[in-house]
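The figures that follow rest on heavy atoms only: side chains count, while hydrogens, waters and symmetry mates do not.
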Amino acid sequence: MKTNLSSQITLTRIPLRYYRPENAFEHSVLTRLEKVPTNIYESAEEGSLAVAKEIATQIRRKQDIGKPFVVALPGGRSPQSVYKELIRIHKEEQLSFRNVIAFVEYEFYPLANPSAGNLARLKAEFFDHIDIDPSNIHCPDGSMPKDSILDFCRKYEEMIQWLGGIDCMLLGIGSASNIMFNVSGTTISSRTRMVLLEGAARKEAARTFPSQENVPAGIITMGISTMMNARSVILMAWGEDKADVIVKTVEGKVSDSVPSSYLQNHPNARVVVDLSAAYDLTRISHPWLVTSCEWDNKLIRRAIVWLCQLTGKPILKLTNKDYSEHGLGELLALYGSAYNVNIKIFNDIQHTITGWPGGKPNADDSNRPERALPYPKKVVVFSPHPDDDVISMGGTLRRLCDQHHDVHVAYETSGNIAVGDEEVIRYCEYLRDVCEKYSPNDTTVKEKAEEIINYLRYEKVEDGAPERKDVLFMKGTIRREEARHACRYSGVKDDHVHFLDLPFYETGLVKKHPLGEADKDIVKALLQEIQPDEMFVAGDLADPHGTHKVCLDAVLAAIDEVKDEEWMKNCRVWMYRGAWAEWEMDHIEMAVPISPEELRFKRNAILKHQSQAESAPYLGDDERLFWQRAEDRNRATAELYRQLGLASYEAIEAFVRYIPL
């Protein structure tokens with residue numbers, strides 16, 4: 001089973017020389033706008049291997065001269081794959097950590113339960129699997145008395161200096177450019193200290209807790225000065241949701257509003273990213289500004305869209321002068337004139353627009369994104385959570401049903417942890433009252449409802465333990481019935497709604513199990529049962545807790561195993577994006593216009609998911625509600641098409657085709 005196919009999706013063919021230049025001259029040309037040395041790898045796994053190998057080399061070098069290796073380590077998701085590789089090197093290549101002294105970079109405060117802290121997670125993910133001396137692990141105490149914090153922070157810094165300073169500091173980066181928990185406004189002189197978790201920092205911390213309400217009030221974190229005094233710093237970032245902050249860190253101005261930009265002043269700092277996180281760097285996103293390009297249709301489209309936005313002109317009004325003055329003279333040489341390029345790209349983008357997402361029957365489909373035949377099509381829409389379908393492609397879903405396709409919706413996870421306790425109490429009170437009215441002698445259901453109400457209202461303690469099974473059942477049932485109602489409203493038949501409840505998700509915690517064979521087999525069985533002609537899957541990998549990525553990997557792993565079956569050879573797979581981002585214009589291959597009336601229907605379908613309205617625990621960094629995000633995003637896509645000189649629509653839902661590897 002291939003478990004990480006999503007990381008191999010390459011929407012843009014990025015030439016190797018852009019991120020692996022052949023010599024020092026090419027490297028200096030490509031990176032001339034970058035102010036921190038940056039290594040780009042094709043995947044997070046490849047980058048993590050390189051980081052782990054470098055740390056192992058530094059440890060061995062210190063061992064050879066009989067000295068300790070002092071390292072500062074973060075928590076979070078970014079370093080997890082590095083820790084896994086270091087564990088492998090320890091076990092298979094006999095790397096000893098006996099000479100390693102580790103300083104944990106931050107710890108939450110106050111901690112009612114130490115098992116919910118950063119140190120506990122680091123022990124479970126790393127320290128407990130290597131031979132490091134426990135006395136060499138130093139971490140702030142999340143339960144120390146408040147009047148001891150200032151003295152502890154001073155002594156923490158003194159201990160680092162007494163040991164000769166930090167040899168290597170490993171860092172992740174937050175979406176708000178926070179380093180450790182040094183947020184916007186942090187000065188370069190800051191040291192280890194107590195900070196209150198507010199705003200972006202609190203949202204960042206909430207990714208490791210059940211909800212923002214469970215996040216402790218503060219955190220004890222190393223400062224920017226601690227980082228600047230380390231002999232070497234490695235900053236890691238993986239995934240498209242880090243692209244914006246990486247370009248600010250590497251190419252922007254040094255500013256306390258972007259704390260990670262202080263790395264530009266560090267004499268031995270390095271940034272390690274995968275291609276997704278590197279996407280906004282000039283040499284990857286706008287290579288024509290730093291080198292000669294290997295032009296293909298997507299790169300040309302990206303360049304033209306960029307030029308239109310820069311000049312404020314629609315495509316067909318761009319001139320030779322516009323191209324020449326903005327580094328795109330190569331295209332004039334290739335195509336002879338601006339007019340020739342303009343017409344090519346205008347037609348290319350125009351052909352993405354279709355009101356028939358399942359294909360238009362009895363029509364010429366040579367310039368349409370989806371085939372005319374077969375008609376009607378068997379369609380499967382995969383939804384990671386029980387609302388991603390209507391949030392991301394609710395207009396298209398309704399259109400497919402209205403155009404008489406045989407539409408199935410498959411919800412991959414129960415989404416149970418994303419229901420607030422107050423929702424369960426409300427439904428249990430309703431259930432109790434109904435039982436009392438119509439079945440007063442059968443007390444089984446009534447007593448269970450009372451038990452859950454009392455537990456949630458008076459007994460429940462947030463201690464980091466998994467949620468109770470009966471409460472998870474209630475939460476999952478709430479989401480299931482909301483999804484069923486939204487599907488019915490959108491036109492999907494009741495017996496065409498499938499709840500897969502993939503096992504990886506069912507931990508009762510924010511942290512999930514790894515993707516397994518059982519998950520893939522459930523998806524595969526559904527595909528073989530339906531044998532669809534068209535599939536829609538969530539290609540948005542920027543959701544805060546990573547569930548979308550795991551769900552996409554499950555579908556792609558199943559597709560990989562059935563790709564040679566006859567029905568699959570004739571099946572097209574379209575990727576939509578969820579509540580967190582939209583496809584860039586150069587990637588869009590199918591654009592489905594949504595009328596004002598259809599947009600209202602889509603909003604109503606989203607609102608059927610009442611538990612995911614304002615009280616939902618995982619709205620992420622965006623303060624807007626899901627229906628607001630969806631409408632804003634769909635309207636913005638339509639507005640971009642209008643600015644490029646194409647038809648003006650109320651809204652557009654966008655899709656990219658997936659070709660099985």
Novice: Please determine if Glu534 and Arg572 form a salt bridge, counting it only when a charged side-chain N lies under 4.0 Å from a carboxylate O.
Specialist: no

Novice: Between Tyr505 and Ser414, is there a side-chain heavy-atom distance shorter than 4.5 Å?
Specialist: yes

Novice: In Å, rounded to the nearest 0.5 Å, how long is the span from NZ of Lys2 to CD1 of Ile559?
Specialist: 12.5 Å

Novice: Between Arg488 and Asp494, is the closest basic N to carboxylate O distance under 4.0 Å?
Specialist: yes

Novice: Taking the side chain as every heavy atom from C-beta outward, state whether Glu467 and Asp421 have any atom pair closer than 4.5 Å.
Specialist: yes

Novice: Can you confirm whether Pro79 sits close enough to Glu125 that some side-chain heavy atom of one is under 4.5 Å from a side-chain heavy atom of the other?
Specialist: no

Novice: List the steps and the verdict of salt bridge (charged side-chain N to carboxylate O under 4.0 Å, His left out) for Glu107 and Arg121.
Specialist: CA-CA 11 Å; Glu107 183 57 280; Arg121 281 189 286 270; 5.8 Å; no

Novice: When you measure from the centre of the six-membered ring of Tyr411, is the NZ or CZ of Arg479 closer than 6.0 Å and no more than 45° off the axis?
Specialist: no

Novice: Ion pair present between Lys493 and Asp495, side-chain N to carboxylate O less than 4.0 angstrom?
Specialist: no

Novice: Report yes or no: is the cationic atom of Lys512 (NZ for Lys, CZ for Arg) closer than 6.0 Å to the six-membered ring centre of Phe504, at no more than 45° off its axis?
Specialist: no

Novice: Assess, by modelled atom type and distance only, whether the side chains of Asp519 and His513 contain a donor and an acceptor separated by less than 3.5 Å.
Specialist: no

Novice: If only side-chain N and O atoms count, and only distance matters, is there a donor-acceptor pair under 3.5 Å linking Glu653 with Thr396?
Specialist: yes

Novice: Does the side chain of Pro357 reach to within under 4.5 Å of the side chain of Leu400, using non-hydrogen atoms?
Specialist: yes

Novice: Does a donor on one side chain sit under 3.5 Å from an acceptor on the other, for Trp567 and Gln528?
Specialist: no

Novice: Give, for atom NE2 of His408 and atom CE of Met535, the distance between the pair rounded to the nearest 0.5 Å.
Specialist: 12.0 Å

Novice: Can you check whether Thr637 reaches Ile588 side chain to side chain, under 4.5 Å on heavy atoms?
Specialist: yes

Novice: Ring centres under 6.0 Å, that's the criterion: do Phe536 and Tyr576 meet it?
Specialist: no

Novice: Can you find a side-chain donor-acceptor pair between Asp274 and Ser276 that sits under 3.5 Å?
Specialist: no

Novice: For the residue pair Glu598 / Ser595, report whether a side-chain donor-acceptor contact shorter than 3.5 Å exists.
Specialist: yes

Novice: I'd like to check Asp560 versus Leu556 (side-chain heavy atoms, cut-off strictly below 4.5 Å). Are they in contact?
Specialist: no

Novice: Could you tell me whether the side chains of Gln610 and Glu482 share a donor-acceptor contact shorter than 3.5 Å?
Specialist: no

Novice: Mind checking the CG-CZ spacing from Asp632 to Arg629? Nearest 0.5 Å is all I need.
Specialist: 10.5 Å

Novice: Determine, for Asp553 against Lys549, whether the closest basic-nitrogen to carboxylate-oxygen distance falls under 4.0 angstrom.
Specialist: yes

Novice: I need the His485 NE2 to Glu481 CD distance, nearest 0.5 Å.
Specialist: 10.5 Å

Novice: With side chains defined as the heavy atoms from C-beta onward, is the minimum distance between Ile452 and Tyr455 less than 4.5 Å?
Specialist: no

Novice: Does a side-chain N-to-carboxylate-O contact under 4.0 Å join Glu517 and Lys520?
Specialist: yes

Novice: Do the charged groups of Asp406 and Lys377 touch, with an N to O distance under 4.0 Å?
Specialist: no

Novice: Kindly determine whether His498 and Ile530 satisfy side chain to side chain contact (heavy atoms under 4.5 Å, CB included), including the steps that lead there.
Specialist: CA-CA 11 Å; His498 309 270; Ile530 299 172; 4.0 Å; yes

Novice: To the nearest 0.5 Å, what is the distance between CZ on Arg398 and CZ on Phe601?
Specialist: 4.5 Å

Novice: Decide whether Asn416 and Glu506 meet the rule of one side-chain donor and one side-chain acceptor closer than 3.5 Å.
Specialist: yes

Novice: For His548 and Asp388, test the side chains for any donor-to-acceptor distance below 3.5 angstrom and give the result as yes or no.
Specialist: yes

Novice: Is Trp238 close to Ser81 at the side-chain level, that is, under 4.5 Å between some pair of heavy atoms?
Specialist: yes

